Amino acid sequence: MLNHVASRLALSVPVLFGVLLFGFLLLQLVPADPAAIIAGPTASPELVAEIRKDLGLDRPIFIQFALYMSRVLQGDLGLSLISNTSVTQELGEAIGPTVELMFACLVWAIPVGIALGTIAAVNRGRFLDRLVIAISVAGVSTPVFFIGLILMQYVGYQWELLPFIGRGGPLWSLSGLASIALPALTLGLIFIGPIARMTRTAALEVMNADHVRTARAKGLAERTVVLKHVLRNALIPVVTLIGLQAGYLLGGAVVTETIYSWPGVGRLAVGAILASDFPLAQGAILVLALAFLTINLIVDMLYALLDPRVQKHG
C-alpha cells in the first residue's frame, strides 16, 4: 500500500512541473504587459521599462521561468497585480469555499449515482432501468451553466426558495447550508449521470459471476446478495471513474463558482485571467492542479483498499 502511494506521489512531480511550465508559457502569450498594468494607463514608457526591469521581465524567458520556479519552491507566489496583496493569502481565503463546494457536491452525488445505477441494474429492461438511463444521459448532455441558470431563475429568483448569490457563511451554519445548496446541486447533477451508468454496467457484469450465483444458491436474500456480493465488486470501476471525472468536476466548479459568485479558487482564477493578473492566475492554476492530483491520489488509495490485487502488486 505504501509503495503504491509512493509511486503515485513520484509520478505527480513531473505532472506538477508540466502544469507550472504550461501556466507560465500560456500567460506569456497574453498581449497585456504586467509592468504596464502595475504602472497604470498614464505612466510614461520610462516608468514602465523600470518596472519591467524590477520584475525581471527584461530577462530571457528561461531565466524568468527559473526564477518563478525558485519562488514557487519557497512558497512565494508573488503579489497580485490588481490588489497588491499576497497571492498565497488570496488563494488561502478561496480554498476553503472551493473545498466546501466539492464536498457538498460529492457527499450527495456519489451515493445517489451509485443507488440509481444499482436500481437500474436490478430492474434491467424495466421502466426504472429506462428512467435511470434517461436521467443519466440528460445529466451528461446538459451543460453545467444551463443547469445553474435554470435553478437560479426558478428556485432562486421566482420561487425564492434558496439564495443564489455569494456565500452566506461556513458550511456548518444554516446560512452556509442554504447558500451552498444550489451550487452543490448544480455541480452534482452533472456528476450523477456517469456514476449511475458505470455502476449499472459494472453491477450487471458482477451479477453473472460465479460467486453471486453461489450466494443465491445458498438462499441469501436478494438484498444481501446485491449489497454484499454485487455492489462491493462493482464499486472498483466506479471509484476509477470518479478519479477520471475529477478534472471535469473541477472545470464544472469553475463555471459554477462564476455563475453563483461563489468566492472559490475557480471564480478567483476567472477574475484574475480577465484582469490580466498573472501571478494570481498562475497561483490559481497551480492550486487547481494540486486539487486534481490530490483527488486522484485519494481515489488510488480507495482503489487499493477495494481491490486486494493492487495491494499485492503495489
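Note that the structure is predicted; figures quoted are calculated from it, not measured. In what follows, every heavy atom counts, from backbone to side chain, and hydrogens, waters and symmetry copies are set aside.
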Minimum-distance pair of heavy atoms, taken over all atoms of [X] and [Y]:
X: Leu79; Y: Val87; answer: C-CG2, 3.8 Å
X: Pro263; Y: Pro97; answer: O-CG, 3.4 Å
X: Pro194; Y: Val140; answer: CD-CG2, 3.7 Å
X: Trp262; Y: Thr98; answer: NE1-N, 4.2 Å
X: Val132; Y: Ala196; answer: CG1-CB, 4.4 Å
X: Pro170; Y: Ser173; answer: O-OG, 2.7 Å

For this session: Would you mind checking if Arg126 and Asp129 are paired as a salt bridge, meaning a charged N to carboxylate O distance below 4.0 Å?
Result: no

Exercise. Heavy atoms, side chains only, cut-off 4.5 Å: are Arg124 and Met207 in contact?
Worked result: no

For this session: Side-chain contact test, heavy atoms from C-beta onward, threshold under 4.5 Å: evaluate it for Leu286 versus Leu77 and give yes or no.
Result: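 They are in side-chain contact.
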
Check: [Y] main-chain N/O paired with [X] side-chain donor or acceptor under 3.5 Å:
X: Asn233; Y: Val206; answer: no
X: Arg213; Y: Asn208; answer: yes
X: Glu257; Y: Gly266; answer: yes
X: Asp76; Y: Val72; answer: no

Side chains of residues 47-59: which donor-acceptor pairs under 3.5 Å do they make with residues two or more places apart or in other chains?
unit_1, atom_1, unit_2, atom_2, d
Arg52, NH1, Asp33, OD1, 3.0
Arg52, NH1, Asp33, OD2, 3.4
Arg52, NH2, Leu57, O, 3.1

Exercise. Hey, what's the ring geometry for Tyr154 with Trp159, parallel, tilted or perpendicular (30° and 60° as the breaks)?
Worked result: tilted

Exercise. Please walk me through it: do Ser179 and Tyr260 pass side-chain hydrogen bond (donor to acceptor under 3.5 Å, both in side chains)?
Worked result: CA-CA 9 Å; Ser179 62; Tyr260 289 101; over 6 Å; no

Exercise. Is Leu174 atom CG crowded by more than 12 heavy atoms from other residues, nucleotides or ligands, each under 6.0 Å away?
Worked result: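 Atom CG in Leu174 is not crowded, with 12 or fewer foreign heavy atoms closer than 6.0 Å.
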
